Amino acid sequence: MKRILLIATGGTIASEDTGEGLAPGITAAGLLSRAPNLGRGRVVDTVELLALDSTNIRPEHWVMIARCIEENYGSYDGFVITHGTDTLAYTAAALSYMVKASPKPIVLTGAQRPIGVDSTDSKMNLEDAFLCAESDMPGVSIVFDHKVILGTRAKKTRSKSFSAFSSINYPELGVIRDGEVLRFIRQECAERPEFSTALDTRVALMKLIPGADREVLDFLFERNDAVVIESFGVGGLPEAGGFYDCIGTWRTRGKIAVLTTQVENEGSDLVVYHVGNRLKRELGVMEAYDMTTEAVIAKLMWILGRTKDPVEVSELFYTPVAVDMFPR
Ligand code: ASP
């Protein structure tokens, strides 16, 4: 019989009505007792790691989850992590870097409606997640609404429907149909995973709006080691307003700048337009290409936890991990 570890962290799936909004209150064992099928034909153990709305999840919680997997790695065939949907894509990306190349499935799931309500999607997501966790589905993935999405490619694209997640710039790994996992893509893995949980959390994100000025950017660079700018289209910054000087100044002080795009699909291509070209050619700004913003943020924290050397940072950033970007 397969052995699965269920790690609970909170989220809607485990939430109850407090009278002042939903909040996590159901334990991992409580989830299992409400979905009794999960315990049939397999051994399931539980860890009550956190009980948080995922809005409250912080990078130190990613580290807790990665360490929990590391401590239990030898004893289980697969892992199911229940998590709020709001920041699930960040956690999935972070785990893809912190637990690299896992031959065992590490499956994140959650729900749009709590497990205690009749219209819940919790049970179906849990059942699908357990099926994936005991199948040949290596690496980190999100299982949601019968889809299996690579951990580095997921994004929450619907705030209410069951179909909450999309796979961005990459096909789904598989689907679950009539209780069977149909795997389209098998993630590459190693014989053993590589655990590395050092993170530098001094990474910030600025979303560009028309008319933005450099002061916000200066503030973010001052307080962080890397700033990601979500710009427009294939990428660029306004030519007025001092952005180029701002970036040039902070780059000479060793800060990392990454351009990405607010457009969900197809990614950046900074050299195409005059507004982006110089950033890359002269100011050493990196670009996210087809990566999700969630993966960019998690990857930078993980890279900067290992090195601050700008050349090494750039090399590591452009080295694909768990197919987070297509090789350039
Ligand atoms: N606010 C919830 C959370 O992220 C939403 C959910 O789980 O669907 O924890």
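Predicted, not measured: the structure shown is a model, and the values here were computed from it. Counting starts at 1 for both ligands and their atoms, in listed order.
A donor-acceptor contact shorter than 3.5 Å is absent between the side chain of Thr87 and the backbone of Thr55. The backbone N or O of Leu270 lies less than 3.5 Å from no partner atom in the side chain of Ser268, so there is not a single donor-acceptor pair.
The pair Arg153-Asp290 meets the salt-bridge criterion, with a side-chain N (NZ, NE, NH1 or NH2) lying under 4.0 Å from an Asp/Glu carboxylate O.
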Using atom types as modelled, flag every donor-acceptor pair under 3.5 Å from a side chain in residues 28-38 to any protein atom, sequence neighbours excluded.
{"residue": "Ser33", "atom": "OG", "partner": "Gly30", "partner atom": "O", "Å": "2.9"}
{"residue": "Arg34", "atom": "NH1", "partner": "Gly30", "partner atom": "O", "Å": "3.1"}
{"residue": "Asn37", "atom": "OD1", "partner": "Arg40", "partner atom": "NH1", "Å": "2.4"}

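The contact shell of ligand 1, taken as protein residues with any non-hydrogen atom closer than 4.0 angstrom, comprises Gly11, Thr12, Asp53, Ser54, Gly84, Thr85, Asp86, Ala111, Gln112.
Remark: of the listed residues Val203, Asp200, Leu199, Ile297, Leu199 is the sole one forming a side chain to side chain contact (heavy atoms under 4.5 Å, CB included) with Trp302.
Side-chain atoms of Glu264 and Thr157 form no donor-acceptor pair, as typed in the model, at a separation below 3.5 Å.
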